[in-house]
Trainee: 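My structure is below; once you've seen it, I'll send some questions.
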Amino acid sequence: MFENLTVQPEDQILKLTGMFRADPRTDKIDLGVGVYRNAAGQTPVMRAIKKAEQQLWNSETTKAYTALAGDPAFHQAITDLLLGDAADPSRLAAVASVGGTGALRIAMELVRLANPQATVWVPSPTWPNHLPIARHVGLKLAEYRYFDSETGGVDFGAMMQDLGRVAPGDIVLLHGCCHNPTGANLTLPEWDSVAEIVTRQAAIPLIDIAYQGFGDGLQADAAGTRLIASRCPEALIASSCSKNFGIYRERTGLLLAVTPNTAMRDIAQGNMATLNRVNFSFPPDHGARLVTMVLTDPALRAEWTAELEEVRLSMLSLRESLADALRARTGSDRFGFLAQHRGMFSRLGATSEQVETLREKHGVYMVGDSRINIAGLNASSVPVLADAIAATGI
Ligand code: LMR
């Protein structure tokens with residue numbers, strides 16, 4: 001049997017982590033995988049999560065199974081955080097998932113069950129893992145234009161043109177905020193036009209939201225998702241707690257389905273729970289429980305919100321200092337987009353040869369499309385990176 005297997009292509013993002021670890025240079029800079037790092041280069045356990053963990057250790061009396069869909073209190077806590085009162089609860093189905101990726105996977109399997117002919121439309125570019133997940137579950141893929149590398153912004157006209165070609169029942173994948181890999185995001189009026197066009201085309205939006213609180217704040221970052229949830233008859237929302245709660249390895253996420261009515265909600269709910277069952281039975285609970293505790297305890301929630309805001313502001317200030325440092329070195333404002341972008345990522349606009357030079361000559365690691373993780377920087381590495389970018393002639 002095993003002789004039939006072929007070598008799988010390495011994940012572009014994860015392979016960088018191995019290359020970085022193997023590099024003996026002490027002044028190397030890791031701007032690869034999207035993990036938040038503080039000024040000391042660490043990915044700390046957030047203060048409120050640490051306290052919740054202590055409380056849980058004292059109070060937890062059993063580790064017996066929860067439910068196939070996960071804990072309803074977790075559904076409620078994330079739904080409130082993400083949607084506020086934007087969606088009618090009687091139309092919402094929810095299952096806890098194995099991280100945000102697990103939510104995407106269950107979402108795509110649900111699409112395949114309901115409409116195997118559907119094409120999944122993804123922005124160009126998108127998070128590289130979106131493509132193999134859709135292919136793996138057997139769905140067709142198409143791209144809509146999104147990023148304009150000339151302006152460093154969204155090419156909204158081209159995006160709308162492409163969305164005009166989407167067929168009824170197709171899935172339109174949208175990044176809820178902090179677009180990965182570009183950092184270029186839709187404005188609220190643009191979200192409004194997207195809601196209108198997907199509804200007109202009878203397509204179903206699938207929102208991947210993994211960075212709520214990393215861009216313009218918890219409320220602002222959810223505004224596009226709320227608009228879709230309140231305006232579209234059907235939608236799927238895959239939400240991740242990895243980044244904004246700093247619990248990457250706990251694999252905590254939620255899949256929400258906005259359905260037309262309560263009867264369809266019940267059917268969707270049963271299908272989503274069944275998909276959990278056939279994939280892994282019960283979703284992981286530890287991270288979901290911590291998140292629920294943090295969101296429902298006013299003191300823990302205040303502490304979490306404050307720390308998340310510190311994280312967000314530190315990324316914004318790194319963006320500004322990198323844009324300033326590059327302005328000083330290049331005498332131009334062509335990297336000004338770095339300060340306009342939001343979230344963990346931006347694309348520098350370097351060629352793959354330049355990305356390689358940055359890695360080999362300067363010890364700067366970034367994804368091959370020149371995506372940088374802003375949170376991999378700190379006050380002392382910003383000027384080093386700016387020197388390396390200028391020396392490479394980007
Ligand atoms: C990233 O884009 O770097 C993160 O979402 C981590 C991952 O799993 O790729």
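Counting convention: from 1, in listed order, for ligands and their atoms alike.
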Trainee: From the options Tyr211, Phe214, Phe147, Tyr146, select the one residue that forms a ring-ring contact (aromatic ring centres under 6.0 Å, His included) with His179.
Mentor: Tyr146
Trainee: Please compare Gly100, Gly32, Gly34 and report which has the shortest non-hydrogen distance to atom 3 (O) of ligand 1.
Mentor: Gly34
Trainee: For the side chain of Arg112 and the backbone of Val137, is there at least one donor-acceptor N/O pair under 3.5 Å apart?
Mentor: yes
Trainee: Give the numbers and elements of all ligand 1 atoms closer than 4.0 Å to a heavy atom of Val33.
Mentor: 3 (O), 6 (C)
Trainee: Just jot down the ligand 1 atoms closer than 4.0 angstrom to any heavy atom of Arg371, in number order.
Mentor: 1 (C), 2 (O), 3 (O)
Trainee: Run the side-chain hydrogen bond (donor to acceptor under 3.5 Å, both in side chains) test on Glu109 and Asn279 for me, step by step, so that the C-alpha distance in whole Å, both residues' side-chain angles and the decisive distance to 0.1 Å come before the verdict.
Mentor: CA-CA 10 Å; Glu109 290 195 15; Asn279 276 290; 3.1 Å; yes
Trainee: Any idea which part of Tyr211 is under 4.0 Å from ligand 1, heavy-atom wise: side chain, backbone, both or neither?
Mentor: side chain
Trainee: Which protein non-hydrogen atom lies closest to atom 4 (C) of ligand 1, naming both residue and atom, and how far is it?
Mentor: Lys243 NZ, 3.5 Å
Trainee: Is the His175 ring parallel, tilted or perpendicular to the His130 ring (thresholds 30°, 60°)?
Mentor: perpendicular
Trainee: Could you check whether the rings of His341 and Phe337 sit parallel, tilted or perpendicular, using 30° and 60° as the cut-offs?
Mentor: tilted
Trainee: What protein heavy atom sits nearest atom 9 (O) of ligand 1, and how far off is it?
Mentor: Trp127 NE1, 3.1 Å
Trainee: Heavy-atom pairs closer than 4.0 Å: do any link ligand 1 to the side chain of Asn180, the backbone, both, or neither?
Mentor: side chain
Trainee: Within this structure, what is the CD-CG distance for the pair Gln55 and Leu300, rounded to the nearest 0.5 Å?
Mentor: 5.0 Å
